Amino acid sequence: YQRRVREAVVSTQSTGMGPVFLLVLDVDVEAKIAMMYPELYKELQKGRVLSYKTFFMWILVSVYQGAAIMYLGLYLFNEDFIHVIAITFTVLIVTELLMVVVTVRTWHWLMAVAQIFSLGCYFLALVFLPEYFDPDFLTSTDFLVKFVALTAASCAPLFIMKYLRKRFAPPIYAKLQQSG
């Protein structure tokens, strides 16, 4: 029982609980611009920003990333289950932290602390859950190559889409910040 509790605590802490919850500290626009253009937040009052469409897009992104990580992980490591656990858990944590980095517009020092704390929890999991992580494998070139491939497969398409959307259809506040 204690081992299961320990696993749950470590996985919850290291899979981005802190960084994700601290996204509430992110700010879209500076106070000066918000005061100059109060009509910016009329869009929020219409309910278009936080809508069913937005929610289902978040779900779709999560399903895509989870499927990419798990299916590619199983494909690359079909013979070694302990390696599947190590690589998918590692890629999951790094993917979540990268998604937070890409999402944040204005960094708060607590966000950086939460990112570092999550990575610290991951490294503690490596120490305290040795039955799931093979230290020799984690330091191998094979692990590094497959880690980079899985992380790229789960993140790169989303980063590209996010960049293209920001480039060709920027939100109103981004246009105002560029002109202001």
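In this text the structure is predicted, and so the values were computed from the model without any measurement. Every heavy atom of this structure was used, including side-chain atoms; hydrogens, water molecules and symmetry mates were not.
- For the pair Thr103/Lys162, a side-chain contact is recorded, criterion being any heavy-atom separation below 4.5 Å from C-beta on.
- The hydrophobic cluster containing Tyr64 does not contain Tyr163, counting ILVMFWY residues as joined when their side-chain heavy atoms lie under 4.5 angstrom apart, directly or transitively.
- Connection of Phe55 to Val63 is established within a shared hydrophobic cluster, with ILVMFWY side chains joined at heavy-atom distances below 4.5 Å, either directly or through further cluster members.
- Neither Phe133 nor Val145 shares a network with the other; the hydrophobic side chains, linked directly or stepwise wherever heavy atoms of I, L, V, M, F, W or Y lie under 4.5 Å apart, form separate groups for each.
- Distance check, rounded to the nearest 0.5 Å: CE of Met99 to CG of Leu158 gives 5.0 Å.
- The side chain to side chain contact (heavy atoms under 4.5 Å, CB included) test with Leu97 is passed by exactly one of Ile93, Val100, Thr95: Ile93.
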Passes side chain to side chain contact (heavy atoms under 4.5 Å, CB included), Leu150 versus Leu76? Steps please. CA-CA 9 Å; Leu150 280 173; Leu76 294 173; 4.2 Å; yes
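- Hydrophobic clustering, with ILVMFWY side chains joined whenever heavy atoms are under 4.5 angstrom apart, groups Phe123 together with Leu138.
- Atoms OG1 and CD1, on Thr151 and Ile69 in that order, are 7.5 Å from each other to the nearest 0.5 Å.
- Between Gln115 and Val101 there is a side-chain heavy-atom pair separated by less than 4.5 Å.
- When hydrophobic clusters are built by joining Ile, Leu, Val, Met, Phe, Trp and Tyr residues whose side-chain heavy atoms come closer than 4.5 Å, directly or via intermediates, Val91 is grouped together with Phe159.
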Starting from the C-alpha separation in whole Å, work towards a yes-or-no answer on side chain to side chain contact (heavy atoms under 4.5 Å, CB included) for His83 and Lys146. CA-CA 11 Å; His83 294 164; Lys146 291 177 180 180; over 6 Å; no
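- The shortest heavy-atom contact between Thr88 and Ile85 is OG1-O, 3.4 Å.
- Using cut-offs of 30° and 60° on the angle between ring planes, the pair Phe89 and Tyr122 is tilted.
- Here the closest non-hydrogen pair linking Val84 and Gly73 is CG2-O, 3.9 Å.
- Once rounded to the nearest 0.5 Å, the distance linking CZ of Phe117 with CG of Leu124 reads 8.5 Å.
- In this structure, CG in Leu92 is found 10.0 Å from CE in Met70, a value given to the nearest 0.5 Å.
- Taking the six-membered ring where tryptophan is involved, the planes of Phe143 and Phe147 are essentially parallel, since the angle between them stays under 30° and well short of 60°.
- Considering every non-hydrogen atom in both Ala152 and Pro157, the closest pair reads O-CD, 3.6 Å.
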